[in-house]
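Chain letters run A, B, ... following the sequence lines, proteins first, then strands; residues in each count from 1. The basis for the numbers below is simple: all heavy atoms, side chains too, and nothing from hydrogens, waters or symmetry mates.
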Number of protein chains: 2
Amino acid sequence: MESPKESGAVVTSPAVSSRDLPHPVRDEIRLEGVLHALSDPMRLRIVRELAAVSGELSCSHFDLPVTKSTTTHHFRVLRESGVIRQAYRGTAKMNGLRRGDLDELFPGLLDAILDAAARQAVRGG
Amino acid sequence: MESPKESGAVVTSPAVSSRDLPHPVRDEIRLEGVLHALSDPMRLRIVRELAAVSGELSCSHFDLPVTKSTTTHHFRVLRESGVIRQAYRGTAKMNGLRRGDLDELFPGLLDAILDAAARQAVRGG
DNA sequence: ACCGTACTACGATGCCTATCGTACGAGTCG
DNA sequence: CGACTCGTACGATAGGCATCGTAGTACGGT
């Protein structure tokens with residue numbers, strides 16, 4: 001498509017770079033999909049880290065015991081189920097929890113799951 | 001433990017019959033397992049009905065759009081993940097939510113999920 | 001004893017998915 | 001430009017699982 005590089009204007013922020021990723025809109029998010037996404041230990045771990053920093057993290061920040069291919073797969077599942085939002089920023093891909101959307105759709109759900117995960121971790125997870 | 005059939009006492013309740021089913025004890029219940037169990041539409045539906053009556057229901061009470069074999073499978077997944085408790089009462093198999101255990105282990109989780117499911121159903125699920 | 005009901009067990013099938021390795025595209029910096 | 005980093009795409013593989021059908025077991029009533 002059009003390259004955002006010409007036109008005299010200075011590119012002030014790296015923004016979403018060119019390629020953008022398909023996300024479900026808020027009302028397309030399904031409870032079953034969210035639960036399924038969070039029922040995988042690797043993905044639950046990712047979401048817990050994202051919730052802890054309450055900001056965005058690059059994919060490479062996570063040091064998961066799986067290959068990069070598999071990591072990509074898990075992030076895609078989380079994005080397609082509506083749990084996280086992803087955007088390119090330069091070569092990095094930033095990930096953020098869709099807290100607002102999830103809280104509007106399913107009030108208390110995310111917090112209950114995060115709390116449950118924390119308790120289980122304390123008990124020795 | 002002791003069989004309730006001897007001793008002059010009248011058998012007032014059919015009780016657990018003979019065969020009993022393996023359940024995880026409370027501390028063996030894993031969050032991932034619970035989320036996975038509830039991420040299936042059929043099983044979520046079962047759990048919603050059980051929560052609605054807040055008592056026990058026989059397997060045959062449910063009119064699911066699958067065969068009985070499949071229904072048995074779903075109930076086993078729910079039992080083995082710690083979401084429900086099952087016991088034979090005569091020829092019927094009664095099912096009840098393990099609310100107490102789940103609420104102690106993961107406070108607010110079950111309610112949040114049930115509320116989320118109800119909201120989604122209202123929105124047209 | 002017999003039958004009907006309730007549920008199970010087992011095998012088959014087809015789909016989904018978690019995982020890997022390798023090869024590639026996009027962006028940054030020298 | 002070239003090299004390097006970050007992440008993707010694709011194919012393969014192996015295991016899990018939702019579903020079915022059929023055959024079987026347990027229990028209760030007649």
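Placement of Leu31(A) and Val77(B) in two distinct hydrophobic clusters is found when ILVMFWY residues are connected by side-chain heavy-atom separations under 4.5 Å, directly or transitively.
Considering only side-chain N and O atoms, Arg76(A) lies under 4.0 angstrom from the phosphate OP1 or OP2 of dA9(D). OP1 or OP2 of dA18(C) lies within a sub-4.0 Å distance of a side-chain N or O belonging to Arg43(A). Between His73(B) and the phosphate of dC7(C), there is no side-chain N or O to OP1/OP2 separation shorter than 4.0 Å. The side chain of Thr70(A) places an N or O atom within less than 4.0 Å of a non-bridging phosphate oxygen (OP1 or OP2) of dC20(C). Applying the 4.0 Å criterion to OP1 and OP2 of dG7(D), one finds that Thr72(A) has every side-chain N and O outside that range. The shortest distance between the side-chain N/O atoms of Ser60(B) and the OP1/OP2 oxygens of dC7(C) is below 4.0 Å. Phosphate contact (OP1/OP2 of dC16(C), side-chain N/O of His36(A), threshold under 4.0 Å): absent.
Between Glu32(A) atom CD and dT17(C) atom P there is a gap of 14 Å when expressed in whole angstrom units. If you measure from atom OH of Tyr88(A) to atom P of dG25(C), you get 14 Å, rounded to the nearest angstrom. Straight-line distance from the CG atom of Asp40(A) to the C1' atom of dG16(D): 13 Å, rounded to whole Å. For the pair His74(B) NE2 and dA9(C) C1', the interatomic distance rounds to 17 Å; values are reported in whole Å. The nearest whole Å value for the distance from the NZ atom in Lys68(B) to the C1' atom in dT5(C) is 7 Å. Between the P atom of dG7(D) and the CE atom of Met94(A) lies a distance of 9 Å, rounded to the nearest Å. One interatomic measurement links the two molecules: CZ of Phe75(B) to P of dC17(D), which rounds to 18 Å at whole-angstrom precision. Spacing between atom CE of Met42(B) and atom C1' of dC20(D) amounts to 13 Å, rounded to whole angstrom units.
For Val77(B), taking side-chain heavy atoms from C-beta onward, the closest of the listed nucleotides dG7(D), dA18(D), dT19(C) is dA18(D). Distance from the side chain of Thr91(B) is smallest for dG28(D) among the nucleotides dG21(C), dG28(D), dT19(C). Distances were taken from every side-chain heavy atom of Ala92(B) (C-beta onward) to each of dG7(D), dC7(C), dC20(D); the shortest belongs to dC7(C).
Ser69(A) and Thr72(A) form no side-chain donor-acceptor contact under 3.5 Å, judged by distance and modelled atom types alone.
One finds the CE atom of Met42(A) at 11.5 Å from the CZ atom of Phe75(A) (value rounded to the nearest 0.5 Å). The distance from atom CZ of Arg43(B) to atom OG1 of Thr71(B), rounded to the nearest 0.5 Å, is 12.0 Å.
A donor-acceptor contact under 3.5 Å links the side chain of Ser69(A) to the base of dG21(C).
Under 4.0 Å is where a charged nitrogen must lie from a carboxylate oxygen, and between Arg45(B) and Asp63(B) no such pair does.
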